[in-house]
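A quick write-up on the structure given underneath.
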Amino acid sequence: MSERSELPSQYHPAEIEGPLYERWVERGYFTADPKSGKAPFSLVIPPPNVTGSLHIGHALEQSMMDALTRRARMQGYDTLWLPGMDHASIAVQNLVERQLAETEGKSRTDYTREEFVAKAWEWKERYGGQILGQMRRLGDGVDWSRERFTMDEGLSRAVQTIFKRLYDDDLIYRAERIINWCPRDLTALSDAEVDHVDEPGELVSIRYGDGDTSIVVATTRPETMLGDTAVAVHPDDERYKHLVGKEVALPMTNRRIPIVADEHVDPVFGTGAVKVTPAHDPNDFEIGMRHHLPMPTILDERGVIVAPGPFAGLDRMEARYAIVAALREDGRIVAEKRPYLHAVGHCSRCDTIVEPRLSLQWWVRVERLAKAAGDAVREGRVVIEPASMQARYFQWVDNLRDWCISRQLWWGHRIPVWYSPDGDEESFGPDETPPPGWTQDEDVLDTWFSSALWPFSTLGWPEDTEDLRTYYPTTVLVTGYDILFFWVVRMMLFGLYAMDGEVPFRTVVLHGLVRDSSGKKMSKSRGNVVDPLLWIDAYGADAVRLSLLQGANPGADQAINEEWVVGTRNFNTKLWNATRFALMSGATTEGPLPADPGVVDAWILSELQAVVTEVDALYERYEFAKIVDVLYHFAWNTVCDWYIELAKFALAGERRAETQRVLGEVLDVLLRLLHPMIPFVTETLWTALTGGESLVIADWPKAETERADADAGTYIQQLMEVVTEGRRFRSDQGIKPAQRIPAVIRGVVNPDHVRSLLRLDPPGPEFAVTATLTLSGGDVIEFDLSGAVDVAAERGRLLKDRAAAEKERAANAGKLANDEFVSKAPDAVVAKVRDRLAAADADLARIDAALDKLPTQ
RNA sequence: GGGCGUUUAGCUCAGCGGGAGAGCACUCGGUUUACACCCGAGCGGUCACUGGUUCGAUCCCAGUAACGCCCACCA
């Protein structure tokens with residue numbers, strides 16, 4: 001079985017990563033097998049946009065998912081990590097339009113819908129999906145045989161099926177309302193696709209009407225006045241009571257509009273009078289409905305004035321200035337407040353200022369669905385990690401308004417509703433044929449509509465497939481908290497609905513944003529965006545993964561910096577060299593562990609099992625940063641700095657065979673524990689060490705708690721203190737690290753251990769004590785420095801220690817002098833303080849004795 | 001306008017009722033037969049501020065300040 005290979009002396013990640021990934025895929029390690037009889041562990045990738053390429057946020061998210069999946073696989077689950085992409089309606093359509101404009105000088109409308117959609121598919125096949133290759137670079141263990149696309153045939157059937165079902169249940173309807181309209185993308189947007197940004201604008205007060213029937217309104221949008229059909233005041237506002245029911249002349253027009261009373265108006269804001277433009281403002285629309293006002297549209301879909309008159313043809317922004325200028329000339333501007341800071345809605349896709357617009361669109365009636373989505377979390381059927389993020393979830397799901405799902409685009413799932421020549425409307429499922437002569441709705445669905453089906457549409461729904469039965473509900477969903485509203489909530493709405501109340505995932509693990517090294521959000525305009533692929537090239541995917549996971553505290557934003565990737569690369573190199581040392585030392589993973597190990601081996605085996613326990617516990621809480629911390633310290637400090645250094649001595653003596661076996665065991669388990677996070681380097685090292693087929697399919701370690709050995713731990717602790725003090729003595733005395741010094745060691749710790757780590761020799765015949773180091777544990781080292789002893793340095797050292805001990809003594813004595821402390825604090829705490837006081841006293845005695853012994857100069 | 005979060009070593013962050021921690025950075029010393037992508041030894045903090053609770057507060061409570069985020073139709 002042993003095909004143990006030679007390791008190259010240097011670690012070059014680029015040389016090992018690519019070939020390993022392809023081997024894993026070829027061997028089918030990542031392919032799920034519902035017939036395996038194993039318990040399932042499943043998750044779906046948050047589908048990246050087909051237009052996208054791997055950014056640092058993906059790298060973090062996927063590193064987390066890969067770690068969870070790989071660990072589960074090692075634990076013996078039948079794992080499915082399902083990959084795929086999102087069709088990204090607006091993004092793709094914009095790209096293809098731009099491409100057509102550049103290459104052929106044509107616009108979308110120069111093509112038929114079918115031609116344009118064909119062009120978009122062509123684009124997708126040729127340029128889309130860059131990210132899939134980049135996921136391979138990262139090492140994502142996804143099941144490529146189950147890759148899906150939100151517009152592939154199966155998912156289209158799922159979309160059509162659930163649409164019809166919702167439609168028949170009266171949970172989807174068509175209605176004319178004020179929607180968010182993007183004048184650039186020429187489509188409706190959902191509330192979630194609008195970003196509100198506070199911007200300086202202008203609040204102008206305009207006098208409507210003249211003489212007794214005049215009223216001053218305040219507005220940030222004077223250009224919409226051409227569509228005003230009323231002025232509203234609060235019903236209790238004494239200032240305006242006499243005007244309610246009268247009409248005023250609307251400036252710039254020859255229309256007269258009523259003054260109405262409406263509760264919505266805030267009498268203390270502005271002038272207490274509001275111009276009402278029902279077709280271009282959501283509130284005004286509500287007022288218009290209540291007062292049965294006309295709702296003329298005065299802006300076209302591009303935001304250009306269409307109301308007849310001198311302003312026709314002006315863009316909304318041009319019109320704003322033109323109209324204010326005209327009003328000013330007319331003496332109607334009563335006041336101008338500038339700058340006036342107010343929230344302005346922007347298209348989340350292209351940043352254009354959104355135009356509220358009266359429009360006939362399709363909606364999802366969310367109330368019932370949202371109730372179920374909220375309850376599932378309230379009842380604990382879905383757990384959100386970290387729990388503090390639940391508040392955000394409820395804030396959204398409990399205040400959800402009906403979801404506008406129709407988009408005036410061509411690339412996407414076309415709304416499965418057909419209209420008869422007589423104006424009847426009906427939704428048809430994927431296997432139904434609309435009657436001849438009926439025509440299909442022109443709009444497509446919001447991209448998030450199909451994304452919301454992802455956890456079950458990808459598994460074959462609406463068909464009753466083996467995959468669906470096996471892998472739904474998915475075990476865990478890993479995504480950013482910033483996507484909670486867009487995606488997580490909507491998967492909950494549709495998952496519970498389509499799957500008869502069964503949740504789409506049992507746990508939602510939320511991560512934060514990756515920021516630059518000073519905590520700033522990465523953005524193109526700041527120029528601080530990092531490309532993970534460049535770092536992968538330079539330091540390896542393992543280093544990039546590990547540095548991201550090292551910062552991944554649940555739900556918290558994190559910073560990243562190239563220096564930190566260098567640091568994790570250095571860690572990987574350290575592992576490489578440690579394993580190389582083990583191989584050179586004859587470490588083995590075969591045969592039983594020693595039944596009665598020496599204290600050093602007993603100690604490291606005890607530490608090893610404790611680390612397994614700790615890592616397991618941290619995985620349950622998705623504490624990736626802490627897992628890295630634990631393993632980093634265990635590997636570098638515990639294993640490399642202490643165990644291997646001690647093993648060097650043991651390997652040269654009677655315990656050689658035992659040490660070889662234990663060293664092999666330690667690295668074997670360590671590499672297993674690290675593999676989910678840094679799969680490539682661990683695989684390379686582990687196969688070299690053990691001769692095993694692959695770490696990908698190896699077993700996850702089990703904590704062998706019977707190996708816990710507190711006594712060995714206590715011994716090593718004391719040894720560490722002696723050695724550290726000894727090194728400090730050497731350093732303070734200016735003794736070169738390589739210089740060997742004769743010394744006598746008396747006390748508890750094994751002199752061989754101390755000599756080995758401190759580079760001390762046994763005393764020769766002419767040994768003469770020139771310096772003595774006494775340690776708090778009772779151990780003593782007597783050195784023959786054979787040259788001048790730096791008494792001043794040692795005195796300084798001792799005085800410093802003495803001051804610390806004195807401070808410690810005083811602090812503890814002070815506590816014990818406090819009767820309330822002694823009577824009220826728990827006995828264990830009081831005992832601890834007594835112990836500390838005793839230790840401080842002993843230290844003082846020891847230090848004073850050492851000072852006395854110091855030769856006077 | 002509501003709501004949430006953060007404030008701990010130069011930087012990025014853990015810790016969250018009983019002795020202030022890590023990584024990186026920094027200083028000093030090093031050709032120690034795995035590793036200079038390294039080894040060893042160090043320096044560095046009234047835990048934002050003010051009150052309160054407690055025998056005891058970085059940790060709990062209240063308030064203040066700064067920063068950040070989410071939600072929101074005050075024109």
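All chains are named by letter (A, B, ...) in the order of the sequence lines, taking the proteins before the strands, and each is independently numbered beginning at 1.
Within the cation-pi definition used here (under 6.0 Å to the ring centroid, within 45° of the axis), A:Lys574 does not qualify as a partner of A:Tyr632.
Across all strands shown, A:Phe485 has heavy atoms under 4.0 Å from sugar-phosphate atoms exclusively, and none from any base. Within the nucleic acid shown, A:Glu645 comes within 4.0 Å of at least one base atom, counting heavy atoms only. Using a 4.0 Å heavy-atom distance criterion, A:His264 is classed as a base contact. Using a 4.0 Å heavy-atom cutoff across all strands shown, A:Asp641 reaches sugar-phosphate atoms only and no base atom. Within 4.0 Å (heavy atoms only), A:Lys521 reaches no atom of the nucleic acid at all. A:Ile644 comes within 4.0 angstrom of a base, heavy atoms only. Note on A:Thr579: nothing from the nucleic acid sits closer than 4.0 angstrom, heavy atoms only. Residue-level contact check: A:Glu808 touches the bases, meaning some heavy atom is under 4.0 Å from a base atom.
Nucleotides B:rC49 and B:rG40 are separated by 36 Å at their P atoms, to the nearest Å. B:rA65 and B:rC73 are spaced 28 Å apart, taking the P atom of each and rounding to whole Å. Straight-line distance between the C1' atoms of B:rU58 and B:rG17: roughly 10 Å, to the nearest whole Å. Across the C1' atoms, B:rC71 and B:rG15 are found 31 Å apart, a figure rounded to whole Å. For B:rC26 and B:rG45, the C1' atoms lie 16 Å apart once the distance is rounded to whole Å. The P atoms of B:rU50 and B:rU12 are separated by 24 Å, rounded to the nearest whole Å. Taking the C1' atom of each, B:rG44 and B:rC24 are spaced 14 Å apart, rounded to whole Å.
One cannot find a donor-acceptor pair under 3.5 Å joining the base of B:rA34 and the side-chain atoms of A:Gln10. Judged by atom type and distance alone, A:Lys648 reaches the base of B:rA34 through a side-chain donor-acceptor pair under 3.5 Å. In this model, a side-chain donor or acceptor of A:Arg569 finds a partner on the base of B:rC37 within 3.5 Å.
When each of A:Ile179, A:Asn180, A:Ile178 is checked for a side-chain contact (heavy atoms from CB on, under 4.5 Å) with A:Ser359, only A:Ile179 meets the rule. Looking at A:Arg320, A:Lys275, A:Arg316 one by one, the single match for salt bridge (charged side-chain N to carboxylate O under 4.0 Å, His left out) with A:Glu223 turns out to be A:Arg320.
For A:Trp396, whose side chain is taken as the heavy atoms from C-beta onward, the closest listed nucleotide among B:rA75, B:rC71, B:rC39 is B:rC71. Comparing B:rA14, B:rA75, B:rC55 by their closest approach to the side chain of A:Val265 singles out B:rA75. Listed nucleotides B:rA75, B:rA41, B:rA34 differ in distance to A:Cys640; the shortest reach to its side chain belongs to B:rA34. For A:Phe269, whose side chain is taken as the heavy atoms from C-beta onward, the closest listed nucleotide among B:rA75, B:rC71, B:rA34 is B:rA75.
For B:rG23, the OP1/OP2 oxygens have no side-chain nitrogen or oxygen of A:Lys574 closer than 4.0 Å. Using a 4.0 Å cut-off, some side-chain N or O of A:Arg728 falls inside it from OP1 or OP2 of B:rG42. The side chain of A:Asn553 places an N or O atom within less than 4.0 Å of a non-bridging phosphate oxygen (OP1 or OP2) of B:rA14. Distances shown here put a side-chain N or O of A:Trp636 below 4.0 Å from the OP1 or OP2 atom of B:rC39. For B:rG19, the OP1/OP2 oxygens have a side-chain nitrogen or oxygen of A:Arg836 closer than 4.0 Å. The side chain of A:Lys626 contributes an N or O atom lying less than 4.0 Å from OP1 or OP2 of B:rG15. Contact between the side-chain N/O atoms of A:Asn570 and the OP1/OP2 oxygens of B:rC38 is found at a separation under 4.0 Å. Not one side-chain nitrogen or oxygen of A:Arg392 sits closer than 4.0 Å to the OP1 or OP2 atom of B:rG5. Side-chain nitrogen and oxygen atoms of A:Tyr11 include none within less than 4.0 Å of the OP1 or OP2 phosphate oxygen of B:rA34.
Residues A:Asp732 and A:Lys800 are not paired through a salt bridge, judged by the lack of any N-O separation under 4.0 Å between the basic side chain and the carboxylate.
For A:Gln550 (side chain) and A:Asp629 (main-chain N/O), no donor-acceptor pair under 3.5 Å exists by modelled atom type.
For A:Lys736 and A:Asp516, each mapped to the nucleotide of RNA chain B holding its nearest heavy atom, the one lying further toward the 5' end belongs to A:Asp516. The residue among A:Gln558 and A:Arg759 whose nearest nucleotide of RNA chain B lies closer to the 5′ end is A:Gln558.
Between A:Phe485 and A:Trp396, the ring planes lie parallel to each other; the angle is under 30°, not in the 30° to 60° tilted range. Below 30°, between 30° and 60°, or above 60°: for A:Phe269 and A:Tyr340 the angle between ring planes is above 60°, a perpendicular geometry.
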